[in-house]
Structure formats: C-alpha cells, structure tokens
Amino acid sequence: MKKAIVSMMVVAANAAFAQSSVTVFGIIDAGVSYGKGSGAGSANKLQVSNSAHQSSRLGFRGVEDLGGGMSASFWLEAGMTNDDGQGGATNANNQATGTGPAVAGRQGLSFNRRSTLSLAGAWGELRLGRDYTPAFLNIPAFEPFTVNGVGTAQNFVGAFASGAPYAATGGTGVVARVSNSVGYLLPANLGGFYGQAMYYMGENASNAPNSKDGTGAGLRVGYASGPVNAAFGTNKTKYIAGNVTSSNLGASYDFDVVKVMAQVSRDEVSGAAADGKGAVVGAVLRLAPGEVRTSWSTYKTTAAGNPKASKFAIGYVHNLSKRTAVYGTAARLRNSGGSAQSLAGSITAPNSSSTGFDIGLRHSF
C-alpha cells in the first residue's frame with residue numbers, strides 16, 4: 001500500500017513538472033576599461049569593469065501551461081556589477097524619491113532589470129511589474145553595441161548627460177525601465193507585425209502637488225520579416241518639472257554576412273529648453289567565429305550653446321564557444337557647443353575629445 005502511495009506521488013509530481021518549468025540564467029561580463037580625457041583639468045582612468053559587451057545579470061524565469069493555449073509566467077532579472085559584487089540599483093516609483101542611496105558595500109540583489117508576472121494566450125500577453133519601456137527596446141535593437149561599453153550610442157548616453165533632457169527630472173532613467181507597469185504585447189502570429197502598449201504609475205497620493213509624477217504611458221509598433229526589421233517607439237512620463245517624452249524610429253536590414261542599422265531619436269521636456277535629438281548608424285559584420293561591430297552616433301541638445309557629442313566606435317567579438325566570448329572595443333568622442341562628455345570614467349574639458357577602450361570576457365549560462 002505504501003509503495004502504491006509513493007508511486008502515485010511520484011507520478012503526480014512528474015505530471016506537475018511536465019506542466020511547468022523554471023530556468024536559471026545569467027551573464028557574467030568582466031574586463032578592463034581605459035578612458036583618456038583632454039583639455040584643461042582632464043583626467044584619465046583605468047579600471048576593472050563589467051558589462052562592456054553585455055550587461056551582467058542573474059535571472060529566474062518560469063512558465064506554466066494552463067491548457068487551451070493559455071500560459072502563466074514570471075520573469076525576475078537582477079543586474080549586478082560583478083567587478084565589485086554589488087547588485088544593480090532600481091527605482092520604486094519612476095521618480096527621484098524612488099532611488100534611495102545604497103549603503104556602501106552592502107547593496108543587495110534587486111530585480112531592477114525586470115520583475116514581471118504574465119498571462120498569455122492566442123490574444124497576446126498581459127504583463128505586470130517592472131519592465132522595459134517601449135521606447136527603450138528600440139535602442140539596443142538598432143544599435144550594434146546594444147547600449148554597452150564605450151561604444152554605446154550617444155542617443156542613449158546623451159539623454160542622461162548633464163544638461164540633457166532627463167536632467168530636468170533628476171535623471172530617473174525612465175527611458176529604459178519603469179516600475180508599477182501594466183503592459184500588453186501583441187501575439188507573435190500577425191504576419192511579422194509586433195507591438196507593445198504600456199501604462200505605468202508613480203503611485204503618489206492623489207492630493208499631493210506631484211500626484212502625477214512618475215506616471216506615464218508608452219507604445220511600440222514594428223514589422224519584422226526576413227531580413228527587414230523596423231519599429232517606432234515612444235513613451236511620455238509626467239513630472240512637475242516638465243513632462244518627458246522620448247521617441248525613436250529604427251530600422252535594420254540583414255544581408256546575412258553584414259547587418260546594417262540606423263536610428264533617430266528625440267527627447268523633449270515640456271516647458272524646458274533642454275530638448276535633445278540623436279542618431280546612430282552602424283553595422284555588424286559576421287566573420288566566423290566572431291563579428292566586427294562599428295557605429296557612428298551623435299546627440300545634441302537645445303541648451304545654451306547647443307552642446308553636441310559625436311562618437312565613432314569599432315569593436316570585435318570572438319566567440320570561443322556558444323556561451324563564451326572575448327571582445328575588444330575602441331571609441332573616439334568629440335565634443336562641441338560646450339559639451340564635456342567623456343568615455344570610460346575619464347574627465348574631459350568642454351569642447352575637447354575623449355578616447356576609450358574596453359577589453360573583456362563574457363560568459364552566459
């Protein structure tokens with residue numbers, strides 16, 4: 001009798017596991033970066049770095065088959081700085097007040113990259129939690145360096161630079177991810193068309209002067225078929241300091257040996273004189289067992305003097321296996337109009353240049 005009961009329990013457990021699955025995944029990216037500044041008061045910097053090719057992360061995801069084409073799933077993904085062992089910062093309400101200072105050396109693991117629960121079916125996917133904004137998803141999709149390392153496109157870097165549009169909101173970073181979101185994604189069987197709509201909340205008291213701060217909405221629509229991929233993304237977030245709207249349009253064409261891509265973007269703050277616009281063109285040349293990546297990007301704001309930074313970057317990724325690669329990237333940045341952006345932690349005088357290098361190792365699991 002006991003053997004029969006045990007056998008029934010094993011069968012039941014196996015049936016349960018057959019209906020659901022959980023995966024542990026991640027990326028560890030480590031290397032050395034060097035940045036060189038120029039002009040009065042400039043400084044160079046050499047450092048052990050992380051995430052210069054792909055962002056280091058630790059994640060857990062799972063899906064349960066509910067039958068009838070329905071499924072429930074979760075995704076928990078934590079960013080980390082593996083050069084010092086700390087977890088990545090997050091933002092609880094899409095505002096400056098939601099980014100509490102970390103205790104030095106004790107920053108715990110936070111699922112800052114993504115923390116969602118989903119219900120999906122033939123009708124699409126409903127997703128709740130902290131997630132990527134629709135406008136951000138276009139940036140790494142149409143940029144050879146996927147917003148990592150010294151090669152990162154200036155239309156992403158510039159939005160967070162001093163004097164740029166997001167500075168008006170304390171640089172809360174809503175261009176990339178938001179908390180407290182409700183999103184809908186179109187199903188995958190629409191003949192190449194894809195899309196995402198999102199609404200997110202700052203969760204302030206309704207009688208507070210800043211009741212709408214950190215609240216916003218976003219939309220992304222695109223088409224991908226064969227070698228062609230093109231998409232438009234936008235999101236708008238409300239703040240007392242000025243509502244921030246980020247929009248971009250990107251496209252790529254894959255010639256098999258080489259993939260070319262381009263993107264234009266615009267960031268606007270209502271009532272402010274620090275709007276910005278940027279562009280990037282680039283290519284990925286596949287040379288088995290690796291690839292050459294190159295891009296030119298620029299970002300300019302309407303602040304006094306029209307600060308502008310333009311960058312050329314080139315890099316090579318050599319795949320040692322399906323999961324492990326070594327890489328190297330070099331970039332040169334030029335400032336004008338009073339801009340003083342720099343590469344890899346260096347310090348550069350206004351209207352001067354900066355040079356940066358990354359070399360590292362990336363392993364995924």
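Just so we're clear, the structure is a prediction, and the values are computed from it rather than from any experiment. Hydrogens, waters and symmetry mates are skipped; everything else that's a heavy atom, side chains included, is used.
F145 and T152 make their closest contact through CB-N, 4.2 Å (heavy atoms, listed as atom of the first residue, atom of the second, distance). The minimum heavy-atom distance between V178 and N94, with the atom names listed, is CA-OD1, 3.4 Å. Between V260 and F255, the shortest heavy-atom contact is CG2-CE1, 3.8 Å. Scanning all heavy atoms of the two residues, the minimum distance from A135 to N248 falls at O-ND2, 2.8 Å.
Checked by atom type and distance alone, the side chain of Q341 never pairs as donor or acceptor with a backbone atom of N335 at under 3.5 Å. Counting only distance, with no hydrogens or angles, the side chain of S339 and the backbone of S336 share no donor-acceptor pair below 3.5 Å.
A donor-acceptor pair shorter than 3.5 Å can be found between the side chains of D358 and S33. For the residue pair D267 and Y299, a side-chain donor N or O sits within less than 3.5 Å of a side-chain acceptor on the partner. Counting only N and O atoms by type, the side chains of E125 and S118 include a donor and acceptor under 3.5 Å apart. No hydrogens or angles considered: nothing links the side chains of R220 and Q196 as a donor-acceptor pair under 3.5 Å. With hydrogens and angles left out, the side-chain atoms of S55 and N148 include a donor and acceptor closer than 3.5 Å. Remark: the T348 side chain and the S342 side chain contain no N/O donor-acceptor pair separated by less than 3.5 Å. Judged by distance alone, the side chains of R323 and S364 never bring a donor and an acceptor atom under 3.5 Å apart. A donor and an acceptor atom, one from each side chain of T97 and N93, are located under 3.5 Å apart. A side-chain N or O of T355 and one of R332 form a donor-acceptor pair less than 3.5 Å apart. Side chains of N50 and D29: no donor on one and acceptor on the other come within 3.5 Å. Side-chain N/O atoms of T90 and R130 include a donor and acceptor closer than 3.5 Å. A side-chain N or O of R114 and one of T116 form a donor-acceptor pair less than 3.5 Å apart.
The pair R286-E291 does not meet the salt-bridge criterion, since no charged nitrogen lies less than 4.0 angstrom from a carboxylate oxygen. Ion pairing of E77 with R113 is present here, as a side-chain N (NZ or NE/NH1/NH2) and a carboxylate O approach within less than 4.0 Å.
Rounded to the nearest 0.5 Å, atoms CG (N243) and CD (E268) are 11.5 Å apart. A distance of 7.0 Å separates CG of L128 from CG of L117, quoted to the nearest 0.5 Å. We find the NZ-CE distance between K238 and M201 to be 12.5 Å, quoted to the nearest 0.5 Å. Atom CZ of residue R362 and atom CD1 of residue I27 lie 6.5 Å apart, to the nearest 0.5 angstrom. Residue R127 holds its CZ atom at 8.5 Å from OG of S181, rounded to the nearest 0.5 Å.
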Checklist entry - Given the rule in the side-chain contact (heavy atoms from CB on, under 4.5 Å) test, do N306 and K300 qualify, once you have shown the distances and angles that lead to the verdict? => result CA-CA 6 Å; N306 293 322; K300 179 175 70 173; 4.3 Å; yes

Item to check | Steps toward side-chain contact (heavy atoms from CB on, under 4.5 Å) verdict (V22, F74) | outcome: CA-CA 9 Å; V22 176; F74 74 90; 4.2 Å; yes

Next on the checklist: Before you tell me yes or no, could you show the steps for Y194 and V221 under side-chain contact (heavy atoms from CB on, under 4.5 Å), namely the whole-Å CA-CA distance, both residues' side-chain angles and the distance that decides it to 0.1 Å?
Outcome noted: CA-CA 6 Å; Y194 59 90; V221 291; over 6 Å; no

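The aromatic rings of F60 and F111 stand perpendicular to each other, their planes meeting at an angle above 60°, with 30° marking the opposite boundary. The aromatic rings of Y316 and H318 are tilted relative to each other, their planes meeting at an angle between 30° and 60°.
V281 and V257 fall into different hydrophobic clusters, where Ile, Leu, Val, Met, Phe, Trp and Tyr residues are linked whenever their side-chain heavy atoms come under 4.5 Å apart, directly or through other members.
Geometrically, R61 engages F25 in a cation-pi contact, judged by NZ or CZ lying under 6.0 Å from the ring centre and within 45° of the ring axis.
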